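Single-structure report; data block below.
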Amino acid sequence: MSQGQPQRSPEPVKYGDVFNVSGQLASQPITPQDAATLQAAETAVYGKTIKGGPAAVLQSAADFNERCGVVGHDDMTGAVRDRGATVAEADVGGYRIVTEAVGGQVLGQYGVPLEMETDHSKSTVASGDDDAVTIGEALEATALSAGNKPVDKSDVAAIQAAEVRATGLGHVVAGGVGAEAQSAAAHNMQTTRDEEKTTLADVLTDASDKLIGDKAVTSSDAERVIYAELRNKDDPSTNPGGVAAVVAAAARLNQK
């Protein structure tokens with residue numbers, strides 16, 4: 001390589017890289033003031049920023065973009081300037097369903113227990129077979145089979161789908177394993193050195209303890225997890241030893 005060849009500028013982290021958004025917002029770099037706006041909305045509701053929540057992901061991405069010089073500290077995306085950031089709540093069946101949005105588009109929706117559950121009050125395995133493999137156990141097995149794999153968006157989708165099936169809430173839980181996976185993927189997008197990236201083992205080793213409910217894996221659970229992983233990959237195959245593959249194997253074992 002010639003010494004005179006200019007170095008490529010780093011690519012900014014955009015909304016579409018870490019959230020399921022569409023339109024112009026998906027192509028916009030995440031800015032510091034976007035993160036500050038959503039953090040203020042979260043703080044107004046909870047008194048703090050939720051660990052692993054959308055505001056924390058925004059802040060991580062915005063810090064990277066600012067360090068790389070692709071956005072300024074006072075920059076704000078037009079959609080956020082025009083429509084702001086919101087945190088809306090609704091109490092449903094003993095859970096507070098929280099929806100967080102910027103610029104009118106949802107970044108995250110999850111259930112927060114109105115009363116924190118203790119370990120003995122967690123949902124039990126929905127099967128008469130005590131030997132059935134649970135979703136939490138399948139996630140922990142993934143930490144062994146593909147533990148060194150850096151977390152990416154396909155892993156996030158699969159983990160969140162598994163969490164939703166395990167809890168039965170229909171939403172990702174704030175501060176849960178799905179939120180932690182999303183935060184890990186955002187961190188990894190900003191990290192060039194593989195040894196500094198967050199791996200599946202980092203997120204899933206104690207997955208059962210991070211789930212507020214668990215159940216035996218069924219073929220229906222496996223189908224949802226496989227679909228979530230595949231729709232977030234460029235090739236039509238699941239990750240070797242990854243979340244979808246292990247959940248599918250657990251479902252087959254439970255059918256025997």
Side-chain angles (χ1 to χ4, degrees), residues 12-26 28-67 71-117 151 153 156-157 159-160 163-164 167 169-190 198 202-203 210-213:
V13 179
K14 304 179 182 67
Y15 275 92
D17 294 330
V18 290
F19 297 107
N20 185 24
V21 296
S22 60
Q24 187 175 6
L25 182 63
Q28 296 298 306
I30 296 171
T31 72
Q33 293 308 310
D34 294 357
T37 302
L38 189 57
Q39 284 178 334
E42 277 192 1
T43 301
V45 174
Y46 301 114
K48 62 180 181 179
T49 299
I50 300 299
K51 181 180 179 181
V57 174
L58 278 186
Q59 186 63 63
S60 180
D63 288 344
F64 172 80
N65 287 345
E66 186 175 3
R67 288 197 305 270
V71 299
H73 183 72
D74 296 325
D75 286 352
M76 177 180 286
T77 303
V80 180
R81 183 182 300 109
D82 295 339
R83 304 188 63 179
T86 59
V87 177
E89 299 179 299
D91 291 346
V92 179
Y95 286 85
R96 179 179 295 116
I97 304 303
V98 182
T99 302
E100 300 198 29
V102 299
Q105 294 203 45
V106 174
L107 300 188
Q109 190 173 58
Y110 45 84
V112 180
L114 294 178
E115 296 182 1
M116 294 301 295
E117 297 185 358
V151 180
K153 65 179 182 179
V156 174
I159 291 168
Q160 291 184 342
E163 181 184 46
V164 167
T167 64
L169 293 176
H171 304 282
V172 175
V173 178
V177 66
E180 184 178 346
Q182 186 171 46
S183 182
H187 165 77
N188 289 346
M189 287 192 64
Q190 305 162 23
T198 304
D202 295 327
V203 174
K210 298 173 184 176
L211 294 173
I212 65 170

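Predicted model, so just to flag it, every value in this text is computed and none were measured.
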Sidechain-backbone polar pair: [X] side chain, [Y] backbone, donor-acceptor under 3.5 Å:
X: Q182; Y: G178; result: no
X: E100; Y: L107; result: no
X: N65; Y: V13; result: yes

Any side-chain heavy-atom pair from [X] and [Y] closer than 4.5 angstrom?
X: Q33; Y: D74; answer: yes
X: E163; Y: V173; answer: yes
X: T77; Y: V102; answer: no
X: V87; Y: L38; answer: yes

Could you tell me which non-hydrogen atom of [X] sits nearest to which non-hydrogen atom of [Y], and how far apart they are?
X: A41; Y: A85; answer: CB-O, 4.0 Å
X: P29; Y: V71; answer: CB-CG1, 4.0 Å
X: Q39; Y: A55; answer: CG-CB, 3.7 Å
X: A179; Y: Q160; answer: N-NE2, 4.5 Å
X: K210; Y: V177; answer: CB-CB, 4.2 Å
X: V57; Y: S183; answer: CG2-CA, 4.0 Å

Practice task
Apply side-chain contact (heavy atoms from CB on, under 4.5 Å) to the pair D34 and M76, showing each step before the final yes or no.
Solution key: CA-CA 6 Å; D34 294 357; M76 177 180 286; 3.4 Å; yes

State the [atom1]-[atom2] distance between [X] and [Y], to the nearest 0.5 angstrom.
X: H73; Y: D63; atom1: NE2; atom2: CG; result: 9.5 Å
X: S60; Y: Q190; atom1: OG; atom2: CD; result: 3.5 Å
X: R81; Y: D75; atom1: CZ; atom2: CG; result: 8.5 Å
X: E66; Y: Q59; atom1: CD; atom2: CD; result: 9.0 Å
X: N188; Y: T198; atom1: CG; atom2: OG1; result: 5.0 Å

Would you list the atom pairs, donor with acceptor, under 3.5 Å between side chains in residues 17-25 and any protein atom, with sequence neighbours excluded?
from: D17; atom 1: OD2; to: K14; atom 2: N; distance (Å): 2.8

